[in-house]
There are 2 protein chains.
Amino acid sequence: MEISKDHPRYRSLMTREKLSELSKEGILAPTGLIAHGRGEAFDYLLGERTVPAANEAAKVAAAHLLEARRPIITVNGNAAGLCAKGLISLANAIPARLEVNIFHRTPGRIERLCNYLEELGGRDILGREQDALLKGIESDRARCSSEGIGSADVVLIPLEDGDRASALAAAGKVVLAIDLNPLSRTAIAADVAVVDEITRAVPNIERHVYDLKGQPQDRRFLIDSFSNENNLSLIKRTMCKSLFQKS
Amino acid sequence: MEISKDHPRYRSLMTREKLSELSKEGILAPTGLIAHGRGEAFDYLLGERTVPAANEAAKVAAAHLLEARRPIITVNGNAAGLCAKGLISLANAIPARLEVNIFHRTPGRIERLCNYLEELGGRDILGREQDALLKGIESDRARCSSEGIGSADVVLIPLEDGDRASALAAAGKVVLAIDLNPLSRTAIAADVAVVDEITRAVPNIERHVYDLKGQPQDRRFLIDSFSNENNLSLIKRTMCKSLFQKS
């Protein structure tokens with residue numbers, strides 16, 4: 001369908017069309033489209049921009065990724081659909097490995113997602129083989145790769161659900177989330193929740209990765225002085241303001 | 001897929017599964033799933049309940065529907081998917097006619113939606129024939145039925161987009177919206193925006209329709225004393241509070 005460029009929500013509507021295409025190709029689950037819509041609403045309350053608190057969280061996430069012994073970035077259908085190239089580029093910058101891990105798991109979808117990432121230049125993608133289990137989850141979302149999430153010390157989970165975020169935290173891993181809902185269990189369970197839209201957050205984290213590469217002391221300072229709870233409060237205050245300023 | 005009943009978002013997840021089924025059947029457009037997600041986020045900020053301001057708006061909407069000479073209720077894929085029976089019941093209570101009107105318009109989808117409503121007991125459904133045009137819209141969303149929206153004086157538009165809401169208002173019709181986003185152009189363009197989840201809002205409006213049936217003076221008073229702008233401010237204040245109370 002044609003969307004007029006003057007439409008106030010042009011960019012958002014174009015992303016919607018792209019994701020609905022990807023759902024037809026089986027990259028995205030239909031419920032992934034609904035989850036995307038939830039994010040859209042919170043992004044609207046952020047003014048569809050990276051707010052200062054989100055930039056600070058992105059910087060701390062970059063510090064954790066560089067301090068990690070075994071950093072892993074998980075990729076689900078929505079993350080791949082919205083930001084596959086950005087995630088591959090971030091993984092190369094750290095370096096970290098990518099593990100495909102989806103909510104509505106079928107061998108076909110896993111294979112399609114791995115191929116999708118490989119076609120875009122992704123290397124050593126994990127997820128086809130899931131030979132480890134995360135404790136504390138009932139569904140088959142507990143399954144993961146022993147080479148990847150299973151043995152990772154730091155995990156970046158873009159657009160992840162609350163069950164897995166909590167299980168990863170309970171497993172003693174440092175959990176870095178990208179999630180637009182500051183009230184979500186994922187954002188609260190995370191050590192660092194980057195409350196920003198994924199296509200803005202991922203390149204921003206990568207930028208900070210390059211800035212912090214030679215700066216181990218800065219990284220420790222950023223990590224030690226960060227409070228996820230305080231950061232989420234700042235985000236919520238921003239959203240409240242925009243509820244009234246937008247009208 | 002199995003969803004555990006203990007999941008904190010069980011009801012929301014079940015609705016997601018239902019809507020994704022309906023999208024596979026072609027009742028919902030994929031982008032309709034995204035739009036639903038946006039609503040979910042705002043409903044979350046309402047505490048997934050009918051707040052007092054929304055109940056007041058529902059009462060005023062009921063008054064308008066009873067005062068109308070030619071009331072019409074428009075039905076799109078999301079409205080049908082979530083609340084077909086409720087909308088049919090409300091239409092009978094007023095009485096008003098239902099007109100199917102969708103964003104992603106194909107003859108097949110229109111027919112499927114009309115059949116869907118008729119299978120659930122809907123009568124005299126309008127929308128198969130669209131022989132009138134609304135001014136001020138470029139897309140084929142301008143098309144409507146001369147018997148329905150074309151000649152209606154009061155139009156209830158559940159989950160409608162901003163372009164049509166504005167065009168209906170510009171055409172001099174009394175616009176009653178059901179929309180969870182208090183910042184949306186639809187909510188702002190409407191004479192009365194009921195900021196509530198459709199499956200709560202529609203039966204609530206019907207309840208008020210029965211309460212106000214014999215009360216013309218009460219209806220006039222409710223209509224004359226209502227300010228949509230003030231009502232939306234109350235809603236926004238509620239959402240702000242919940243941003244901080246939920247954490």
Side-chain angles (χ1 to χ4, degrees), chain A residues 1-4 6-9 12-13 15-17 19-24 28-45 103-105 138-140 161-163 180-185 187-188 229 232-233 235-247, chain B residues 1-4 6-9 12-13 15-17 19-24 28-45 103-105 138-140 161-163 180-185 187-188 229 232-233 235-247:
Chain A
M1 138 179 124
E2 275 303 308
I3 298 169
S4 149
D6 336 329
H7 193 292
R9 304 206 46 74
S12 164
L13 291 174
T15 305
R16 289 184 181 189
E17 293 302 321
L19 291 181
S20 65
E21 280 313 308
L22 288 168
S23 75
K24 287 167 193 162
L28 252 78
T31 53
L33 294 175
I34 298 177
H36 173 72
R38 284 172 66 95
E40 271 189 355
F42 288 106
D43 195 23
Y44 190 65
L45 295 181
F103 196 99
H104 293 273
R105 183 183 177 79
E138 304 217 340
S139 71
D140 64 2
D161 79 304
D163 292 343
L180 278 158
N181 178 358
L183 304 168
S184 72
R185 293 180 304 134
I188 292 162
E229 196 180 349
L232 290 175
S233 300
I235 293 283
K236 288 183 263 183
R237 206 163 300 143
T238 305
M239 289 182 170
C240 260
K241 281 197 193 125
S242 73
L243 266 168
F244 288 95
Q245 284 166 358
K246 276 183 183 280
S247 58
Chain B
M1 120 174 144
E2 275 301 309
I3 297 169
S4 149
D6 335 330
H7 193 293
R9 305 207 44 76
S12 164
L13 290 174
T15 305
R16 290 183 182 190
E17 293 301 320
L19 290 182
S20 65
E21 280 313 308
L22 288 169
S23 76
K24 288 166 193 162
L28 251 77
T31 52
L33 295 174
I34 298 178
H36 173 71
R38 284 171 66 94
E40 272 190 355
F42 287 106
D43 196 23
Y44 190 65
L45 295 181
F103 196 99
H104 293 274
R105 180 181 178 82
E138 304 218 340
S139 71
D140 64 1
D161 80 303
D163 292 342
L180 278 158
N181 178 358
L183 304 168
S184 72
R185 293 180 303 134
I188 292 162
E229 197 180 349
L232 291 174
S233 300
I235 293 283
K236 288 183 264 184
R237 206 164 299 144
T238 305
M239 289 182 171
C240 259
K241 281 196 193 127
S242 74
L243 266 167
F244 287 96
Q245 284 166 358
K246 277 186 182 276
S247 57

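In what follows, chains carry the letters A, B, and so on, assigned in the order in which the sequence lines appear, proteins first and then strands, with residues in each chain numbered from 1. What's counted below: heavy atoms across the whole structure, side chains too, no hydrogens, waters or symmetry copies.
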Q: Give the minimum heavy-atom separation between B:Leu243 and A:Met239, together with the two atoms involved.
A: CD1-CB, 3.9 Å
(Q) Let me confirm one number: the CG-CG distance from A:Asn181 to B:Leu45, rounded to the nearest 0.5 Å. (A) 7.5 Å
Q: Could you tell me which non-hydrogen atom of B:Ser233 sits nearest to which non-hydrogen atom of A:Phe244, and how far apart they are?
A: O-CE2, 4.0 Å
**Q.** Non-neighbouring partners of A:Ser23 that pass side-chain hydrogen bond (donor to acceptor under 3.5 Å, both in side chains), sequence neighbours left out
**A.** none
**Q.** Nearest-0.5 Å distance, CZ of residue B:Arg38 to NE2 of residue A:His36
**A.** 8.5 Å
Q. Taking all non-hydrogen atoms of both residues, which atom of A:Glu17 and which atom of B:Thr31 are closest, and how far apart?
A. OE2-CG2, 3.5 Å
Q: Taking the side chain as every heavy atom from C-beta outward, state whether B:Thr15 and A:Ile34 have any pair of such atoms under 4.5 Å apart.
A: no
Q: Return the minimal non-hydrogen interatomic distance between A:Leu33 and B:Pro30, and the atom names on each side.
A: CD1-O, 3.6 Å
Q) Under a 4.5 Å heavy-atom cutoff, which of B:Ala29, B:Cys240, B:Ala35 has the most pairs with chain A? A) B:Cys240
